[in-house]
2 protein chains.
Amino acid sequence: MPHPDQLNAFITAAETGSFSAASRRLKKAQSAISNAIINLEIETGVELFDRSKRSPVLTEEGETLLRSAYSIMESHHDFISRAMALNAGEESHLCLAIEQNVSAQPLMELLIVFEEKYPHIELELLDPGTSDVPSLLRSGRADLGLMMEQEHYPKGFLFRGIGHSRKLPVCSRHHPLAKLDQVDHSDLRRYRQLVPRSLDLEDKSHEEQILSPKVWYAESPFVIAEVLSAGLGWASLHEAVVKEQLEQGTLVALKRTYQQDASLQGVDVVWSRHKPLGKGGQWLLNECFKLNVS
Amino acid sequence: MPHPDQLNAFITAAETGSFSAASRRLKKAQSAISNAIINLEIETGVELFDRSKRSPVLTEEGETLLRSAYSIMESHHDFISRAMALNAGEESHLCLAIEQNVSAQPLMELLIVFEEKYPHIELELLDPGTSDVPSLLRSGRADLGLMMEQEHYPKGFLFRGIGHSRKLPVCSRHHPLAKLDQVDHSDLRRYRQLVPRSLDLEDKSHEEQILSPKVWYAESPFVIAEVLSAGLGWASLHEAVVKEQLEQGTLVALKRTYQQDASLQGVDVVWSRHKPLGKGGQWLLNECFKLNVS
DNA sequence: CTCAACCTATCTATAAATCAGATAGAAACT
DNA sequence: AGTTTCTATCTGATTTATAGATAGGTTGAG
C-alpha cells in the first residue's frame, strides 16, 4: 500500500529528473526523497530508476508505474476536491423536479454550465406529471421544482415566477370539433374532456378546469396528448406538451368564441423554506430567476 | 493528502457498520480505527459518520466521499498489481510485428485471451510490408514477429514454423492474362510484374521471384493488389492479401501450365535470442506454436 | 588529468506519528 | 437494572519519518 508521500516523491523525481531537484520542489531533505523512492522500490519489488548515470533515469518499468502513480494522485485530488466542495457548502446530491407541462429546454443550457461549475454534484431530474412538484418538495425527495403556478402554495414553500406558458384547447384533426371554425362551451361539453390530475387525491386544482360532464383523467399530459392523437376527446394542454404534434398536424388547436384562444399561465420555480439549498441549488435558483420561460 | 490506512479504515468501517468490527477485520486496535477516521474528518473538514446512534452511520457527505475513497483504493490496487506483474516477469510493453502477407485473423482469438490474461501489458502491433520483420526485431523495435519463411535468418534469430500460406499468381479480371485458360512463363513475361520488396535495400530475397523483364516494386502487397485491381500487371500474392478481391471477383487467380497453381510458403514466428521475452511474450509465443495457420 | 559542481546512498540523532491497551461514557437490548 | 457493544480519549512504548552530515560516483570544463 504505497504512501502518498512516496508517490509524490516518485512523481516529482521523475518530472524533475533528479532526487535533489525533487527535494527542493517539495521542500524536503534530499535524504527524504531518496528514502521514499528506495522504500517504494523495496515495497513494489521494482527498480524504478536507473542510477548508473549522474542523474537517475526512469526504467521502463518505472515509466509504467509512473502512469499508475499519476492515476492514484488524480484519485486523491478528486477526493480532496470533493471534500473541499462539500466543505464549501456544496450539496452532494441535487434533485430537480420539472413538471411535464413546463418546457425543460431553457434549463438545458443552464445545466451545461452547472455541470462544469459543480462537477461533484450528482444531479437528479424528476418529471412529475401534474402538480406533484409540491409533494416531492415536501417529502424532501426533490430540492427544487419547476411547475405551473398554483393559487395557494402550502406553508413553508417559497416560489417565484420565471415566465409564462400558453395553454391551448386541442384535439385530433380527425375529431368532430376540429371541423368547426369556432367552438363554444356547449360544443366542448358534448365531447369527452381529458383532464390532467395529480397523483395526490387531496389536490383538487383540476376541478376548475372541468367543462364537460364526460371526463377522463390522466396524470401525464403527454399521455393525454397520445389519447387525443388517437382521436379520443379534447383537452386543454400546455404548448410545450403538444408543440410537436401541432407542428406535425396530428393535433390541432381549437378556436374559441368567447374566450381568448390561449390562456397564459405562470411558471414558478418553487423550493422549500425548511430544507436549505446548497451552493449548487442556490446557483441554479438564481439562474432560474434570470430566465424568461415562454 | 489522505493516508491509505485512513481510507482503508474509512471503507471497512463503512462496510462493517462499526469501528470495532473494522478494527477486528483489519486486525488493529479499535482506537487506531477511531483515530484514523477522526483524523480523516479533521483533514477533509467533513463529518463522515453520524455517531448519535450506537453504531455510526454514514452521512450523506460520507457516502459521497466513500465512493471517492473506493476509487482511490482501486487505483492503489491497480498500482500494486502492475508492480506484482512486473515483478513476476511481465514486460510492460510487447511489440508484435506481423508481416502483411500473413493473415492476422488466427491471432485475434489469441489476443483476446492475452488481453484478459495480461491486462497490464501494452500491446503494439506493427504490420510491416514485406520481410521487414527481421530488421524490426534486430533494432529492438519489435519483440516478436510473424513472417513468411526466409532461406537464411541472420544470426541470433530464433524461428519456428507455425503453418503455411498459399501464394497465387493474380491479375485483374479485365487484364489480358485473365482471358487465357492457362498461362505459362512466356505469357507472364509479356506483362508487367509487380513484386513486393523490402524497405531494406540489403534484402535481395525478392529477386528470385522476378519472371518478367517489366518490373515494378511496392513495399506493401496490399498496394500491389490495388494496382492490380486497376488493371495494371500481375503479381504473385499471398491468399490472405487478396482473399477479399478474389471473392468479389475484382482479381482472378491464374492457372499455370507447368507449375502448381499455388505454391505453399511457410509462416514462421520469429524472435531474437538476445532480447529475452517476458512472461507475456513467452505465453504468446507458446500459443503461436499451437496454431496452425493456413 | 584534475578540479569543481552536482548527484545519490547511507548514517545518526531527533522529532513526530502510530499503535495497543485501558478506561469512561453512551446506546441498545434483555 | 444489568449486560453487552459501541466510540472517544488518554498514556506510554514503539515505530517511523526527517534533517543534516558525510562518503562516493558521475559529468564537464579547464
Side-chain angles (χ1 to χ4, degrees), chain A residues 1-63 65-66 69 72-73 76 80, chain B residues 1-63 65-66 69 72-73 76 80:
Chain A
M1 204 73 73
H3 195 44
D5 291 349
Q6 289 176 348
L7 295 175
N8 233 334
F10 175 35
I11 287 174
T12 57
E15 282 180 352
T16 60
S18 134
F19 293 3
S20 306
S23 78
R24 289 189 288 270
R25 187 193 283 186
L26 295 177
K27 284 165 188 167
K28 303 230 171 146
Q30 175 263 327
S31 59
I33 307 296
S34 185
N35 275 327
I37 290 174
I38 285 180
N39 286 332
L40 196 57
E41 288 179 319
I42 290 172
E43 285 162 30
T44 58
V46 176
E47 198 193 41
L48 301 172
F49 289 95
D50 172 17
R51 277 97 155 171
S52 67
K53 298 293 154 60
R54 163 141 87 159
S55 288
V57 290
L58 269 177
T59 61
E60 201 175 326
E61 296 106 34
E63 218 154 324
L65 289 188
L66 178 62
I72 295 179
M73 293 311 286
H76 269 114
I80 60 175
Chain B
M1 203 73 73
H3 194 13
D5 291 348
Q6 291 176 347
L7 296 175
N8 233 333
F10 175 34
I11 287 175
T12 57
E15 284 180 353
T16 60
S18 136
F19 293 5
S20 306
S23 76
R24 289 190 289 270
R25 186 193 284 187
L26 296 177
K27 285 163 188 168
K28 303 232 173 143
Q30 175 264 327
S31 59
I33 306 297
S34 185
N35 274 327
I37 290 174
I38 286 180
N39 285 334
L40 195 57
E41 288 180 318
I42 291 172
E43 284 164 30
T44 58
V46 176
E47 198 193 40
L48 301 172
F49 289 96
D50 173 16
R51 277 97 156 170
S52 68
K53 300 290 154 60
R54 164 141 87 155
S55 288
V57 289
L58 269 178
T59 61
E60 200 175 326
E61 297 106 34
E63 217 153 325
L65 289 188
L66 178 63
I72 295 179
M73 293 310 286
H76 269 116
I80 62 175

> Can B:Q6 and B:E41 be said to form a side-chain contact (heavy atoms from CB on, under 4.5 Å), step by step?
Replying inline: CA-CA 10 Å; B:Q6 291 176 347; B:E41 288 180 318; over 6 Å; no
> Passes side-chain contact (heavy atoms from CB on, under 4.5 Å), A:T44 versus A:E61? Steps please.
Replying inline: CA-CA 11 Å; A:T44 58; A:E61 296 106 34; over 6 Å; no
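Atoms CD and CG, from B:E15 and B:L66 in turn, are 7.5 Å apart once rounded to the nearest 0.5 Å. For the atom pair A:T59 OG1 and A:L65 CG, the distance stands at 8.0 Å (nearest 0.5 Å). Between A:L40 atom CG and A:H3 atom NE2 the span is 11.5 Å, to the nearest 0.5 Å.
Protein atom CG of A:D50 is 11 Å distant from nucleotide atom P of C:dA9, rounded to whole Å. C:dC19 atom P lies 11 Å from atom CG of B:L26, rounded to whole Å. Rounding to whole angstrom units, CD1 of residue A:I42 and C1' of C:dA9 are separated by 12 Å. Taking atom CD1 of A:I37 as the reference point, atom P of C:dA9 lies 8 Å away to the nearest angstrom.
Listed here is the closest heavy atom pair of B:P56 and B:S18: CD-CA, 4.3 Å.
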> Which letters describe nucleotides 1-19 of chain D, given B = protein heavy atom under 4.0 Å from base, S = only from sugar-phosphate, - = neither?
Replying inline: ---BBSBBB--------BB
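Qualifying side chain to side chain contact (heavy atoms under 4.5 Å, CB included) partners for A:S34, counting only residues two or more places apart in sequence or in other chains: A:F19, A:Q30, A:I38.
No donor-acceptor pair closer than 3.5 Å links the side chain of A:T16 to the backbone N or O of A:A21.
The C1' atoms of five pairs define one axis at each end of the helix from C:dC1-D:dG30 to C:dT30-D:dA1, and these two axes lie 30° apart (to 10°).
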